[in-house]
**Student:** 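One structure, pasted below without further comment.
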Amino acid sequence: MPHHTLHIDITGALATITLDRPEVRNAFNEATIADLTHAFHDLGQNDAVRAIVLAANGPAFCAGADLNWMKKMACYTHAENLADAQQLALMLRTIYACPKPVVARVQGDCYAGGMGLVAACDIVVAAEEAHFCLSEVKLGLIPATIAPYVIKAIGEQAARRYFLTAERFDAREAQRIGLAHEVVAASELDNKVAAIAKALLTNGPQAVRQAKILVRDIAGRPVSDALVQDTAERIAQIRASSEGREGVLSFLEKRKPDWLA
C-alpha cells in the first residue's frame, strides 16, 4: 500500500524505511504512525526481506510528536486520547516484535517519541552529531508509551535521570547508557550500517529470527529449571530444522550455505 510519510526501498534482501517529513524534523502524527505500523507489519511478513533499516531524511532523525497533532490532541476527550495512544503503542510494538532484525540509522537529533522508535529497534548506529532528549516533562507530559522500550534500552537508573530532567545528551552518552551500539562520524554512518546489514544477511534467516525471539523471551528471567528446559528445547528444534542441518553441513563441507547460494 502507498505510504505518504515514508519512503521504502528494497534492495536484495534489505529493506530501508525512511522517514520523509524533513520539513517538520520527521515528527510523527497519526498518518506517520499508521504508515510505520503497516510498513513494519508488511515487511516483517515478506519472505524476500531479511533485514530492515530505519532511517530519516533531513537534519533530524525524529523530533517526536508533530506540534499540530499535539495541539489537536489537547482538545481530545480522554477516550479519544486513549485511542490515539493505543495506535502509537501498536506502532512501537510492531517495530519491537518485527520478525526481521531492525537497524536504526540515526543521522541527527532524536527527541521524545523518536527515542521510542530507536529503542524499539534491535541495533542502533548514531552519527556523532546526533543528540537525544526525553523532553516530555518540559511540556507537562510523561514518556509513558515509549517507556517499556526506552527502559529496556537504557536501564532503570539512566531512565530515572533522563525521564525526570529532560536533559539533552549527545551520541556518546547514548552509547554509554546502552541506547546506541555504535557512534561514528557522519561520513562513516552509511558504511557502518551497510557492514551491520551485511553481517545480518550472511546468517541463517530463521536462526536470526529465532535469536531475536530468544533475547526477547529470556531477558530478565531467572535461571530456573523451566528456563534450562526451554533453552534445551529451542536448540534441539533448530538443530533438527532444515536450515540448522544445512548450516552445519555447509560448514563441515567448507561451502556456502544455501541461503547464500
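Heavy-atom basis, side chains included; hydrogens, waters and symmetry copies ignored. Keep in mind the model is a prediction, meaning the values are calculated, not measured.
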**Student:** Working to the nearest 0.5 angstrom, can you tell me the gap between Asp20 CG and His4 NE2?
**Tutor:**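 Answer for the CG-NE2 pair, Asp20 versus His4, is 12.5 Å.
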**Student:** Are a donor atom and an acceptor atom from the side chains of Asp35 and Thr32 found within less than 3.5 Å of each other?
**Tutor:**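 Distance-only check fails for Asp35 and Thr32.
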**Student:** Considering all heavy atoms of both residues, which atom of Cys110 and which atom of Met115 are nearest to each other, and what is their separation?
**Tutor:**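 Smallest interatomic distance, heavy atoms only, reads SG-N, 3.5 Å.
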**Student:** Can you check whether Glu173 reaches Phe132 side chain to side chain, under 4.5 Å on heavy atoms?
**Tutor:**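 When only atoms from C-beta onward are counted, Phe132 and Glu173 do not touch, as no gap falls below 4.5 Å.
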**Student:** Apply the test side chain to side chain contact (heavy atoms under 4.5 Å, CB included) to residues Phe28 and Leu88: give CA-CA distance (whole Å), side-chain angles for both, the deciding distance (0.1 Å), then the verdict.
**Tutor:** CA-CA 10 Å; Phe28 50 75; Leu88 175 60; 3.9 Å; yes
**Student:** Mark yes when over 12 heavy atoms from residues, nucleotides or ligands other than His131 sit less than 6.0 Å from its NE2; otherwise mark no.
**Tutor:**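 Counting other residues, nucleotides and ligands, NE2 of His131 exceeds 12 neighbours.
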**Student:** Would you check if there is a donor-acceptor pair between the side chains of Arg172 and Gln175 at a distance under 3.5 Å?
**Tutor:**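 Yes, a side-chain donor-acceptor pair sits under 3.5 Å.
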**Student:** Working note: Leu249 + Arg255, criterion side chain to side chain contact (heavy atoms under 4.5 Å, CB included); need CA distance, chi angles, decisive distance, verdict.
**Tutor:** CA-CA 9 Å; Leu249 188 60; Arg255 60 173 175 81; 3.9 Å; yes
**Student:** Just wondering, are more than 12 heavy atoms of other shown residues or ligands nearer than 6.0 Å to CG in Leu227?
**Tutor:**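 Yes, because the 6.0 Å sphere around CG of Leu227 holds more than 12 heavy atoms from other groups.
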**Student:** Does any part of the side chain of Met91, heavy atoms only, come nearer than 4.5 Å to the side chain of Leu117, both counted from C-beta?
**Tutor:**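 Yes, their side chains come closer than 4.5 Å.
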**Student:** Can you see which heavy atom on Ala85 is nearest to which on Thr145, and at what distance?
**Tutor:**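 Between these two residues, the closest heavy atoms are O-CG2, 4.1 Å.
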**Student:** Kindly indicate whether the side chain of Thr16, heavy atoms from C-beta on, has any atom under 4.5 Å from the side chain of Thr11.
**Tutor:**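 Side-chain contact under 4.5 Å: no.
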**Student:** Output yes when a side-chain donor or acceptor of Lys212 lies under 3.5 Å from a complementary backbone atom of Pro101, and no otherwise.
**Tutor:**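 It does not hold such a pair.
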**Student:** Could you list the donor-acceptor pairs under 3.5 angstrom formed by side chains in residues 180-200, with sequence neighbours left out?
**Tutor:**
unit_1, atom_1, unit_2, atom_2, d
His181, ND1, Val124, N, 3.0
Glu188, OE1, Asn191, ND2, 3.3
Asp190, OD1, Arg105, NE, 2.7
Asp190, OD1, Arg105, NH2, 3.0

**Student:** So, taking the atom named CD1 in Ile142 and the one named CG in Leu134, what distance separates them when rounded to the nearest 0.5 Å?
**Tutor:**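 So the gap between those two atoms works out to 12.5 Å.
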**Student:** Looking at OG1 of Thr37 and CG of Leu90, how far apart are the two atoms once the value is rounded to the nearest 0.5 Å?
**Tutor:**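 Here the interatomic distance stands at 5.0 Å.
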**Student:** Are Tyr76 and Leu139 co-members of a hydrophobic cluster defined by side-chain heavy atoms under 4.5 Å apart?
**Tutor:**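 Yes, same cluster.
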**Student:** For a quick test of reading the model, state the closest non-hydrogen atom pair linking Asn26 to Ala56 and the distance between them.
**Tutor:**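 Nearest pair, atom of Asn26 first, then Ala56: ND2-CB, 3.6 Å.
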**Student:** Under 6.0 Å from the CD atom of Gln157, do we count more than 12 heavy atoms belonging to anything else shown?
**Tutor:**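 Atom CD in Gln157 is not crowded, with 12 or fewer foreign heavy atoms closer than 6.0 Å.
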**Student:** From Arg21 CZ over to Asp66 CG, what is the distance, rounded to the nearest 0.5 angstrom?
**Tutor:**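 Result: 5.0 Å between the selected atoms.
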**Student:** If you group Ile, Leu, Val, Met, Phe, Trp and Tyr by side-chain heavy-atom gaps below 4.5 Å, do Ile154 and Leu92 land in one group?
**Tutor:**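 Same cluster.
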**Student:** Determine yes or no for a side-chain-to-main-chain donor-acceptor pair under 3.5 angstrom, with Ser135 supplying the side chain and Lys138 the backbone.
**Tutor:**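 Side chain of Ser135 to backbone of Lys138: no pair is present.
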**Student:** Take Asp42 and Ile8 through the side chain to side chain contact (heavy atoms under 4.5 Å, CB included) test and state the conclusion after the steps.
**Tutor:** CA-CA 11 Å; Asp42 292 348; Ile8 299 176; over 6 Å; no
**Student:** Quick one: do Ile52 and Ile10 end up in the same hydrophobic cluster if we chain Ile, Leu, Val, Met, Phe, Trp and Tyr together by side-chain heavy atoms under 4.5 Å apart?
**Tutor:**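 In one cluster with Ile52: Ile10, yes.
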**Student:** Are Ile151 and Leu141 linked, directly or through other ILVMFWY residues, by side chains that come within less than 4.5 angstrom of each other?
**Tutor:**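 Yes, because Ile151 and Leu141 connect within a single hydrophobic cluster, where side-chain heavy atoms sit under 4.5 Å apart.
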**Student:** Would you kindly say whether Glu233 and Gln237 are connected by a side-chain donor-acceptor distance under 3.5 Å?
**Tutor:**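 Yes - a donor-acceptor pair under 3.5 Å links their side chains.
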**Student:** Check the surroundings of atom CZ in Arg234: do more than 12 heavy atoms from other residues, nucleotides or ligands lie under 6.0 Å from it?
**Tutor:**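 Yes, CZ of Arg234 has more than 12 neighbouring heavy atoms, counting only those of other groups under 6.0 Å.
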**Student:** Tell me whether Val103 shares a hydrophobic cluster with Val106, the cluster being built from Ile, Leu, Val, Met, Phe, Trp, Tyr side chains joined at under 4.5 Å.
**Tutor:**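 The answer is no; the residues belong to distinct hydrophobic clusters.
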**Student:** Answer whether the closest heavy-atom distance between the side chains of Ile123 and Val102 falls below 4.5 Å.
**Tutor:**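 Sidechains of Val102 and Ile123: no contact.
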**Student:** What heavy-atom pair brings Leu54 and Leu36 nearest, and what distance separates the two atoms?
**Tutor:**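 Minimum heavy-atom separation between Leu54 and Leu36: CD1-CD2, 4.2 Å.
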**Student:** For the OG atom of Ser250 and the CZ atom of Arg245, what is their distance to the nearest 0.5 Å?
**Tutor:**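 The OG atom of Ser250 sits 14.0 Å away from the CZ atom of Arg245.
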**Student:** So which atom in Phe40 and which in Ile95 form the shortest heavy-atom distance, rounded to 0.1 Å?
**Tutor:**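 Scanning both residues completely, I find the closest heavy atoms to be CD1-CG1, 3.5 Å.
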**Student:** Quick one: list whatever passes side chain to side chain contact (heavy atoms under 4.5 Å, CB included) with Ser242, sequence neighbours left out.
**Tutor:**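 Residues passing side chain to side chain contact (heavy atoms under 4.5 Å, CB included) with Ser242: none at all.
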**Student:** Please lay out, stage by stage, how Gln87 and Glu30 fare under the test side chain to side chain contact (heavy atoms under 4.5 Å, CB included).
**Tutor:** CA-CA 8 Å; Gln87 292 304 306; Glu30 61 267 47; over 6 Å; no
**Student:** Is there a donor-acceptor pair closer than 3.5 Å between any side-chain N or O of Arg168 and the backbone N or O of Cys133?
**Tutor:**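 Here the side-chain-to-backbone pair does not exist.
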**Student:** Classify the angle between the aromatic ring planes of Phe169 and Tyr162 as parallel (below 30°), tilted (30 to 60°) or perpendicular (above 60°).
**Tutor:**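 Ring orientation of Phe169 relative to Tyr162: tilted.
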**Student:** At their closest point, which heavy atom of Gln107 faces which heavy atom of Ala60, and how far apart are they?
**Tutor:**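 So the two residues come closest at NE2-O, 3.0 Å.
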**Student:** Once rounded to the nearest 0.5 Å, what's the spacing between atom CD of Glu246 and atom CD of Gln206?
**Tutor:**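 Reported value, rounded in 0.5 Å steps: 13.5 Å.
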